[in-house]
Q: 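My questions all concern the structure below.
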Amino acid sequence: MKKITRTLSFIFYLLLGLINLIMGIYLINAYMSSPEFNITFSIAGTCLLTGAVACFYIANSIGGRLSHEWFYNSV
């Protein structure tokens with residue numbers, strides 16, 4: 001049960017990180033040319049990029065635990 005939960009949480013954080021990365025890059029690129037929205041959406045895009053990095057870090061941590069479980073259970 002722990003392995004299934006960790007696998008699902010790894011997939012969740014990986015997908016969340018990808019979505020944050022795509023949305024952050026889109027917001028920064030799309031609204032940099034617009035003078036009335038550039039600061040607001042640039043800050044929001046930067047926050048999304050920071051969230052993406054955090055999600056990738058969490059997914060990496062969970063993936064490291066999963067690899068140790070798979071290695072030690074297979075031996």
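These values consider heavy atoms only, across backbone and side chains, with no hydrogens, waters or symmetry-generated copies.
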Q: Would Leu18 and Phe12 show up in the same hydrophobic cluster when neighbours are defined by side-chain heavy atoms closer than 4.5 Å?
A: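 Yes: a chain of side-chain contacts under 4.5 Å links Leu18 to Phe12.
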
Q: Applying ring-ring contact (aromatic ring centres under 6.0 Å, His included), name anything that partners Phe41, two or more places apart in sequence or on another chain.
A: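 Partners of Phe41 by the ring-ring contact (aromatic ring centres under 6.0 Å, His included) criterion, ordered by chain and then number, come out as Tyr31, Phe37.
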
Q: Nearest 0.5 Å, what's the OH-CG distance between Tyr13 and Leu8?
A: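 Rounded to the nearest 0.5 Å, the OH-CG separation comes out at 12.5 Å.
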
Q: Under 4.5 Å between side-chain heavy atoms, hopping through other hydrophobics if needed: is there a path connecting Leu15 to Ile58?
A: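 They do share one cluster, since a chain of ILVMFWY contacts under 4.5 Å joins Leu15 to Ile58.
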
Q: For residues Ala52 and Gly17, report the shortest heavy-atom separation together with the two atoms involved.
A: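 Where Ala52 meets Gly17 most closely, the heavy atoms are CB-O, 3.4 Å.
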
Q: Within the 4.5 Å heavy-atom criterion, are Leu49 and Leu21 side-chain neighbours or not?
A: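 Side-chain contact under 4.5 Å: yes.
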
Q: When rounded to the nearest 0.5 angstrom, what distance separates OG in Ser9 from CD1 in Ile4?
A: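 Here the rounded value is 12.0 Å.
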
Q: Determine, using the 4.5 Å side-chain heavy-atom cutoff (strictly less than), whether Ile62 and Tyr57 are members of one ILVMFWY cluster.
A: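 They do not share one cluster, since no chain of ILVMFWY contacts under 4.5 Å joins Ile62 to Tyr57.
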
Q: Are Ile25 and Ile43 connected into the same hydrophobic cluster when the rule is that any two of I, L, V, M, F, W, Y join if their side-chain heavy atoms are below 4.5 Å apart?
A: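 No; tracing contacts between hydrophobic side chains, which count when under 4.5 Å, never links both residues.
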
Q: Identify whether Leu48 and Ile19 are in the same connected component of the hydrophobic contact network (ILVMFWY, side-chain heavy atoms under 4.5 Å).
A: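 Cluster IDs for Leu48 and Ile19 match.
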
Q: Ignoring hydrogens, what is the shortest heavy-atom contact between Gly51 and Asn20? Give both atom names and the distance.
A: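 For Gly51 versus Asn20, the nearest heavy atoms are C-ND2, 3.8 Å.
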
